[in-house]
There are 2 protein chains.
Amino acid sequence: MPKETFLNLPQAKREKIINAAIAEFADSPYERASLSRIVADAGIAKGSMYQYFENKRELYLYIMDLVYQKKKSFLQDVFIDSSDFFAVLKKYYKKSYLFAVEYPLYHKIINYYWEYYHEEFEQEIKESKDLREADFIRMLNDAVKSGQVNKKASPKVAFFVYHSVGKELIDNFLHLPTDDTGKHLQFIEAVLDILAEGLQVRKE
Amino acid sequence: MPKETFLNLPQAKREKIINAAIAEFADSPYERASLSRIVADAGIAKGSMYQYFENKRELYLYIMDLVYQKKKSFLQDVFIDSSDFFAVLKKYYKKSYLFAVEYPLYHKIINYYWEYYHEEFEQEIKESKDLREADFIRMLNDAVKSGQVNKKASPKVAFFVYHSVGKELIDNFLHLPTDDTGKHLQFIEAVLDILAEGLQVRKE
DNA sequence: ATCCAATGTGACCCACCAGTCATATTAAAT
DNA sequence: ATTTAATATGACTGGTGGGTCACATTGGAT
C-alpha cells in the first residue's frame, strides 16, 4: 500500500517515518491522529508523505499491517499443539497479554482498531472478526468431537462470548500497572476458568 | 447542568433543542458531534446555546443524564424479585435489549458513551462502572450464600466477564436487523447459559 | 557540463470546529 | 411612551485538519 517511492527510501528514513506513525496511532485513534504531527515528528515535509502514501488511510492500513504481522509471529507457537481446547485458549490470551507488555505501542494501536468507532474501517474489522470466528469454530468443533466441549453449546454463541471477553481483556491491559505480570496472568486464567466451567454450582 | 435560562424556555423550544442534541449524539460520538449542527437543527443561533449551557460538555452530560434516567426507569422492574441470580441476569439483559429496540437513539448514545474512547469522560465512566460492579458483587454474594453460585469464583472476575459480555451485547444490537426480536432474545439467553454453565463437558 | 526525471518542500486551500461578543430584539415594569 | 434587564443573534476569532501544487533540489545518465 505504500508507493514505490517509499520502498526506495533509505532504511533509516523509512524507519523514522514508520516510528513517527506508530507513535501517533498509538497515541490517538485513527480519526484523531494527525498527519501534520506525524510528518513533523518524522522530520519530513507534508508533501513528501503524499509521495509515499496515497493518503492518511493508506498509511494507517500499512501500519496496521506491520503491527499485525508482528503479533501474528509473536503468537505463532500457541497453536502448535491444539489437542487441548481450553489449554490453547489460555495460552492464547496469556501470550496476547505478554505481547501487550512487550510491545505497548503495538498493543495500543490494535486496541484502538477494535475499540474505537470507525465507520471508515467497518469492512476491514468485520473481515478480521469473521476470520477469527471461522478459526474458533473449527477448533471448537474438534473439541466437541474429542469430548472436551459440551455439544449443546452453539458455536456462534461460544465465539461471541470469547470474543467479547478477549476484547475487554485487551482493553483492560492498558489500564493496569505494568509490573505485577503474575497477578494479571492469574486474572486471565480465572476469567477463562469461568468461561469453561460456568458460575453456577454444579449439581450432578 | 443547564443554566436557568434553559429551564425558563417554553417547553416546545426546549424539546426542539433536546431532540436535536439527541439526534446528533446518537449519530456521532461526543468528539465528532457538532454543536453547529445541533443549533442548526434546533433552529436557534449558536450564541443562544451558550445562554443555555456552559459548553458542549455540559450539554452532553445533560443529555446523558436524561437518557440514563429513561433507561433506569425502563429497567426498574428487573430487580424487584432478586431471589434467582441467573434469572435476574437474564431479565436484565433481555430488557436492555428491548430498551434498545424501543429507544434506538438513546441506545446509540449509551453505546457511544461506553464504547468510544473518551479521555474527557474517563472519570465519569469509571464511576458508572464501579457502581455497577458494587451492585453486581452484592447480588453475587447473596447468590453464593443461597447456594446458586460456585463459591470458588472471584466476584471481581465474575463481574469482569458479565460486564464484557454485556458491553458487547449492547454493541451488537446496533448491527442487527430490528425485526426478529425473538431470535435475538434467544441469542442472549444462550450467551447467559454459557456464562452460567460453562462450555466444558461436566464430568461429575 | 548539461539535462532530465525523480524526489522533496512548505505555503496555501478549503472545510470544520468550539466558543465569543457587540449588537439587536423582546417583553415586562414604570 | 420610556426605561431596563433578560434573552437572542450570527459574524467573527483562532485553531486544526487533510490534501494540493508550483517550485526547488538532487543525483545519475549523457
Side-chain angles (χ1 to χ4, degrees), chain A residues 1-18 20-64 112 116-121, chain B residues 1-18 20-64 112 116-121:
Chain A
M1 297 175 174
K3 297 188 185 172
E4 229 189 282
T5 320
F6 183 68
L7 302 173
N8 295 336
L9 244 38
Q11 202 189 343
K13 191 170 184 181
R14 216 168 50 230
E15 278 178 2
K16 234 180 151 188
I17 293 168
I18 290 176
I22 286 178
E24 180 68 11
F25 288 126
D27 221 52
S28 312
Y30 178 73
E31 294 179 37
R32 202 148 34 100
S34 158
L35 258 185
S36 307
R37 276 196 296 265
I38 294 174
V39 297
D41 205 34
I44 62 171
K46 201 163 197 184
S48 298
M49 189 59 101
Y50 286 85
Q51 308 266 23
Y52 307 147
F53 294 90
E54 216 46 69
N55 50 38
K56 185 184 171 184
R57 182 188 161 90
E58 292 300 311
L59 169 63
Y60 179 70
L61 289 175
Y62 174 69
I63 297 292
M64 279 306 305
Y112 278 140
Y116 204 74
Y117 172 80
H118 322 70
E119 246 175 358
E120 184 137 16
F121 300 105
Chain B
M1 296 170 171
K3 296 188 187 173
E4 227 188 285
T5 321
F6 183 68
L7 302 173
N8 294 335
L9 244 35
Q11 202 190 340
K13 192 171 182 181
R14 216 169 48 231
E15 279 178 1
K16 235 180 148 185
I17 293 168
I18 290 176
I22 286 178
E24 180 67 11
F25 288 128
D27 223 52
S28 312
Y30 177 73
E31 293 179 40
R32 202 152 30 104
S34 157
L35 258 185
S36 308
R37 276 194 296 265
I38 294 175
V39 296
D41 205 33
I44 64 171
K46 200 157 194 191
S48 299
M49 188 59 101
Y50 287 86
Q51 308 266 23
Y52 307 146
F53 294 89
E54 216 47 68
N55 49 38
K56 184 183 172 186
R57 181 189 162 90
E58 292 300 312
L59 170 62
Y60 179 70
L61 290 175
Y62 174 68
I63 297 293
M64 280 305 305
Y112 278 140
Y116 204 75
Y117 172 79
H118 322 69
E119 246 175 0
E120 184 135 17
F121 300 103

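All figures in this text were calculated on a predicted structure; none of them were measured in a lab. In the text below, chain A, chain B and the rest are named by the order of the sequence lines, each starting its count at 1.
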Novice: Heavy atoms under 4.0 Å, any strand shown: does A:Leu59 hit a base, just sugar-phosphate, or nothing?
Specialist: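 Nothing, no heavy atom under 4.0 Å.
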
Novice: The side chain of A:Ser36 is closest to which nucleotide in this list: C:dT7, D:dG17, D:dT7?
Specialist: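 Output: D:dG17.
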
Novice: Angle between ring planes, B:Tyr52 versus B:Phe6, binned at 30° and 60°: parallel, tilted or perpendicular?
Specialist: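 If you compare the ring of B:Tyr52 with that of B:Phe6, the planes turn out tilted.
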
Novice: For B:Arg37, which contact category applies under a 4.0 Å heavy-atom criterion: base, sugar-phosphate, or nothing?
Specialist: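 It contacts sugar-phosphate atoms only.
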
Novice: Taking the side chain as every heavy atom from C-beta outward, state whether A:Met49 and A:Leu59 have any pair of such atoms under 4.5 Å apart.
Specialist: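 In contact.
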
Novice: What's A:Ser48 touching, base or sugar-phosphate or nothing? Going by heavy atoms closer than 4.0 Å.
Specialist: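 Base contact - A:Ser48 has a heavy atom under 4.0 Å of at least one base atom.
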
Novice: Does C:dT7 have OP1 or OP2 under 4.0 Å away from a side-chain N or O of A:Asn8?
Specialist: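 True: A:Asn8 side-chain N/O within range (under 4.0 Å) of C:dT7 OP1/OP2.
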
Novice: Among D:dG10, D:dT20, C:dA18, which nucleotide has an atom closest to any side-chain atom of B:Ala45?
Specialist: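 Nearest nucleotide to the side chain: D:dG10.
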
Novice: What nucleic acid atoms does A:Tyr52 come within less than 4.0 Å of, heavy atoms only: base, sugar-phosphate, or nothing?
Specialist: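 Sugar-phosphate only.
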
Novice: Side chain of B:Ile44 only, heavy atoms from C-beta on: which candidate in D:dT20, D:dT9, C:dG19 is closest?
Specialist: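 Closest of the options to the side chain of B:Ile44: D:dT9.
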
Novice: Within the structure provided, determine whether B:Arg14 and B:Pro2 are in side-chain contact (heavy-atom separation under 4.5 Å).
Specialist: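 No, their side chains stay 4.5 Å or more apart.
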
Novice: Contact class for B:Lys13 (heavy atom, under 4.0 Å): base, sugar-phosphate, or nothing?
Specialist: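 B:Lys13: backbone/sugar contact only, no base atoms under 4.0 Å.
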
Novice: Does the separation of the ring centres of A:Tyr112 and A:Phe25 fall below 6.0 angstrom?
Specialist: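 Aromatic pair excluded; centres sit 6.0 Å or further apart.
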
Novice: Would you say D:dA6 has OP1 or OP2 under 4.0 Å from some side-chain N or O of B:Thr5?
Specialist: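 Negative; the distance criterion is not met.
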
Novice: Using only modelled atom types and a 3.5 angstrom limit, is any donor from either the side chain of A:Lys56 or the base of D:dG19 paired with an acceptor on the other?
Specialist: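 Side chain to base: no pair below 3.5 Å.
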
Novice: Which part of the nucleic acid, if any, lies within contact of B:Ala33, taking any heavy atom under 4.0 Å across all strands shown: a base, the sugar-phosphate backbone alone, or nothing?
Specialist: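 It contacts sugar-phosphate atoms only.
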
Novice: Which sits closer to the 5' end of DNA chain D, A:Glu54 or A:Arg32, going by the nucleotide each is nearest to?
Specialist: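 Taking each residue's closest nucleotide, the earlier one in sequence belongs to A:Arg32.
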
